[in-house]
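This report concerns only the one structure given below.
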There are 2 protein chains.
Amino acid sequence: MTSRREKNKRKTRKCILDSAVRLFSRKGFDKTSIEELAREAGIGKGTVYSYFRTKRDIVKAFCDDQLEFARSELAAKTNPDMPLIEQLMIIFMADFKYVTENKEFGRVYLHEKVFPQEPLAEEDFQVQNDYFDMLYPIYQRAQDRGELRKDLELLHISGHIYAVYLLMLSCWYTGMIPTEEIGEAMKVMVTQTIQGLKP
Amino acid sequence: MTSRREKNKRKTRKCILDSAVRLFSRKGFDKTSIEELAREAGIGKGTVYSYFRTKRDIVKAFCDDQLEFARSELAAKTNPDMPLIEQLMIIFMADFKYVTENKEFGRVYLHEKVFPQEPLAEEDFQVQNDYFDMLYPIYQRAQDRGELRKDLELLHISGHIYAVYLLMLSCWYTGMIPTEEIGEAMKVMVTQTIQGLKP
DNA sequence: AGAAAAAACCGACCACAGTCAATTTTTGAT
DNA sequence: ATCAAAAATTGACTGTGGTCGGTTTTTTCT
């Protein structure tokens, strides 16, 4: 049963997250103070910290939620029998679009998830695992169709393509590749990944 | 001519950097305050900020220096006619060893360089370019020997392998792969990169 | 050498992330 | 309805990153 208490907690949490989205998007992560965020959410500053351990954790929680949502959306858009490269492009460009629209969130999230201060906790891996779980069937099918080598572990295939995706994000964040060229670059790199570097 | 002023500046800068290395290594980046760092360096707090724009910039400057040094060292250790995979392993494992020994520096540096808040400045690219310049001849030779496809741009080859290296670093920072297994994992992934994913 | 200009240095100060003890609200038992 | 325990809320407080105007040191010019 969902007690009154639990209901309120949920509401407050959502309220913090909503305020965070508004403010971080409008003013940027660093320029938004927790005090301001609390005011916007109509609560005290201390309360924010009883919901989230740190300011960065707010971003993490928001992105984890979004990722879960995006995943369910995406599953519907791709057909596992399309050519692998096409499926991957749909998935990654959707992700990328999200990042470009939430640059600050994406950056903080990537910092936390890719090069974290402490090894990731069990729950953090879960999000990543769920994401991989979505991709596994796609690679599996591609293996079955003969688009991918069967002697490779799915984890390695997955990791490899994820690496290329991260690189593209990095190129975008550093300004090395402008937004409008990312699609093309991503296609080149993923294709190259599949084809291999050797003659 | 190196004036007295310039000499002092150099000395002070080095002093700050040395103190930073000592303190950040001993207590961690976050736990070391600039005030403490200034005290250790025997200067005022404000002075630190006339040498470095932010706390993170101190790390960036240090790592840029180190990277330049490491590069010159490395050039001597590799023979451009060794098999590509062996050369890459020597280079990346040397880099990796450095990161494991300076975890905090590496993390902050990676945040700044891989997913920076603002697009990288000209000078930041220079460091990266210099690094690539070291690698290009290696890939070039490997192409000549027939170990790599000749129809691929060096930039793409370079970027691709860099992506895999970043992934390995990420796996280490997240705790997904323990230190002693990184070498093996790196070899597997780089080999896979060269071979390609398709049958 | 002496004065004026330029560069370097400094620590008091500000804004903000995160803490915590005191207060208020909710719950569950009688 | 009453009350005691548990949970949630709060804002004053602490420590630190970064700023800035005033001070000292170095250079340059005569």
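Each chain gets a letter, A, B and so on, in the order the sequences are listed, and its residues count up from 1. In this text the structure is predicted, and so the values were computed from the model without any measurement. Atom set for the values below is all heavy atoms of this structure, side chains included, hydrogens, waters and symmetry mates excluded.
- Between the CG atom of A:Leu37 and the C1' atom of C:dG18 there is a distance of 14 Å, rounded to whole Å.
- Using the six-membered ring where Trp is involved, A:Phe92 and A:Tyr165 have ring planes that are parallel, under 30° apart on the 30 and 60° scheme.
- Between A:Ile16 atom CD1 and D:dT9 atom C1' the separation is 11 Å, expressed in whole Å.
- Taking atom NZ on B:Lys9 and atom C1' on D:dT25, their separation rounds to 14 Å, with Å as the unit.
- In this structure, A:Ile43 and B:Arg56 both approach DNA chain D, and ranking their closest nucleotides by distance from the 5' end singles out A:Ile43.
- Where B:Ser50 and A:Ile34 each meet DNA chain C at their nearest nucleotide, the meeting point lying more 5' is that of B:Ser50.
- Among the nucleotides D:dT10, D:dA12, C:dC9, the one closest to any side-chain atom of A:Lys45 is D:dA12.
- Computed from coordinates, the B:Tyr49 OH to D:dT19 C1' distance equals 10 Å when rounded to whole Å.
- B:Thr47 has a side-chain polar atom (N or O) that falls below the 4.0 Å cut-off from OP1 or OP2 of C:dC10.
- In terms of position on DNA chain D, the residue among A:Gly42 and B:Lys55 whose nearest nucleotide sits closer to the 5' end is A:Gly42.
- Here A:Phe52 lies out of heavy-atom contact (under 4.0 Å) with every strand.
- Remark: A:Tyr51 is in phosphate contact with D:dT9, judged by side-chain N or O atoms under 4.0 Å from OP1 or OP2.
- Nucleotides of DNA chain C nearest to B:Glu35 and B:Asn8 differ in position, and the one nearer the 5' end is that of B:Asn8.
- Within the nucleic acid shown, B:Gly46 comes within 4.0 Å of at least one base atom, counting heavy atoms only.
- Taking all atoms of both residues into account, the shortest heavy-atom contact from B:His156 to A:Met189 is O-CE, 3.7 Å.
- Distance, B:Arg13 CZ to C:dC9 P: 13 Å, rounded to whole Å.
- Taking a cutoff of 4.0 Å between a charged side-chain nitrogen and a carboxylate oxygen, A:Glu35 and A:Arg39 do not qualify as a salt bridge.
- For B:Ser33, whose side chain is taken as the heavy atoms from C-beta onward, the closest listed nucleotide among D:dT16, C:dG18, D:dT9 is D:dT16.
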